[in-house]
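Whatever order the structure lists ligands and atoms in, that order sets their numbers, starting from 1.
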Amino acid sequence: MRPTYLEVNLFQLKQNLENIRAHVSPAKVLVVLKANAYGHGVDDVAPFIAPFADYIGVAIVEEGIHLRKMGIQTPILVMGGTLPEQLPDFIEYDITLAATSINLLTAAEQLALASGKRLKIHLKIDTGMERIGVREYEADALIKKSLSCSHLEIEGIFTHFANSETIESDGTLTESKAVRSSLQLERFQEVLSIYEKLSEPYPQLRHTANSGATLIMPESYYDMVRPGVLFYGVYPASDIERTIEVKPALVWKSKVVYNKVTLPGRGVSYGSLWQAEAPTRIVTVPCGYADGYFRRMTNQARVIINGKSYPQVGRICMDQFMVNVGDDDVNIGDEVTLLGNGITAEELASWTGTNEYEVLTNISARVPRVFTGAVQ
Ligand SMILES: *Cc1c(COP(=O)(O)O)cnc(C)c1O
């Protein structure tokens, strides 16, 4: 096997889910498995975790189809935007549609009628994200339309927060133009009251909470929560209150593939951006930006070798990068930790000017995933 690989602890993921469930109960838990299970490897994570999930969330219908073809029977919601021509896939694979417009709802009803199969729907209300969905001030027509669609099962209604990880009381939000989660929740509540006025029961699954809201906004739980990054053991912001204990389940490892002493005056890697001032031991790691080890981390990143932290030096290449181990005794074959065991996704994110989500979801398919902890 390739010496550069991800070790994913399935037991830790299950533990994270159990801790989330204990905190939000009796609300259900939709486990977000989009983007290759946030980089963890959906082919192994999904079959392991599906029996413990009430619902699975994906971004695009292709991800749902992939899960169904693996034999997963848990309900699956496609949370992202869908084109009308993709609707037959929802029917064929029994996948729940986020109805983001009256047009899409109408097309779904026509298709369900023609196929003789019922299609499950979650109405998507846009309460402040301005991305997809019907705004609260126009939701009346969507709801009325949905009540007339006899071939659809209106199972859920949901919205998505734009600033859930930001603490409202600290003043930053009240002074900025950012929409507060409490305001989004009020708008969602308005939409639910439209249901009441039409004297119809709410759809049975009302849900709003992503990881941030799951941590700090219990009033947002309703019938189900949708934690993504939190399920993977990562907090959506460094200063957010850690009301639920979770731990990362992933360690990104490699091995020293080359070892040499570099002399002053000999620049390291493309662009010769870094030079030693005295003879210095430089080791090479067989991992690069094509694996998701961002080129922008050049001369910023650190790795752990034999329990000690060392700086990455010179341009990160597509397939390799160099590490300055000074005078230390580091040998070919020694294990290198790129992420995990003391290096957080948040640190990697700060070295490259992004967030933990982008770090995790960019670990490429070229990096083999090795799974541990599956034995109960
Ligand atoms: C991705 C996503 C989530 C999960 O977000 P996290 O911040 O990772 O918890 C929840 N809901 C929707 C609609 C999403 O697209």
Return the option from R131, K34, M79 holding the heavy atom at the smallest distance from atom 2 (C) of ligand 1.
->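 It is K34 that holds the nearest heavy atom.
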Can D140 and K145 be said to form a salt bridge (Lys or Arg N to Asp or Glu O under 4.0 Å), step by step?
-> CA-CA 9 Å; D140 188 73; K145 177 70 197 175; over 6 Å; no
With ring centroids as reference points, do F188 and Y222 lie under 6.0 angstrom apart?
->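 Between Y222 and F188, which both carry aromatic rings, the centre distance is below 6.0 Å.
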In sequence, state the C-alpha distance, the side-chain angles, and the governing distance for D328 and K308, and then conclude on salt bridge (Lys or Arg N to Asp or Glu O under 4.0 Å).
-> CA-CA 10 Å; D328 287 355; K308 198 169 157 185; 2.6 Å; yes
Where ligand 1 meets [X] - atom numbers and elements under 4.0 angstrom, heavy-atom basis:
X	value
P227	9 (O)
G228	4 (C), 6 (P), 8 (O), 9 (O)
S211	6 (P), 8 (O), 9 (O)
H160	10 (C), 11 (N), 12 (C), 13 (C), 14 (C)

Which word best sums up how the rings of Y232 and H40 line up, parallel for under 30°, tilted for 30 to 60°, or perpendicular for over 60°?
->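 Plane angle between 30° and 60°, so tilted.
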Parallel, tilted or perpendicular for Y221 and H23, by the 30°/60° rule?
->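 It falls in the perpendicular class, over 60°.
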K14 charged N/C atom sitting above F52 aromatic ring, 6.0 Å / 45° =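 Cation-pi check for K14 and F52: passes.
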Answer with yes or no whether the side chains of D126 and H160 bring together a donor and an acceptor at under 3.5 Å.
->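 No - no donor-acceptor pair under 3.5 Å links their side chains.
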Closest protein heavy atom (residue, atom, distance) for atom 7 (O) of ligand 1 |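 Checking every protein heavy atom, the shortest distance to atom 7 (O) of ligand 1 gives Y357 OH, 2.6 Å.
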Measure the distance from atom 5 (O) of ligand 1 to every protein heavy atom, then report the residue, atom name and distance (to 0.1 Å) of the closest one.
->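 Scanning the protein heavy atoms, the shortest distance from atom 5 (O) of ligand 1 goes to Y38 OH, 3.6 Å.
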Answer with yes or no whether F231 contacts ligand 1, where contact means a heavy atom under 4.0 Å from a ligand atom.
->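 No.
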Tell me which part of R226 gets within contact of ligand 1: side chain, backbone, both or neither, using heavy atoms under 4.0 Å.
->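 For R226, the contact with ligand 1 is made by both the backbone and the side chain.
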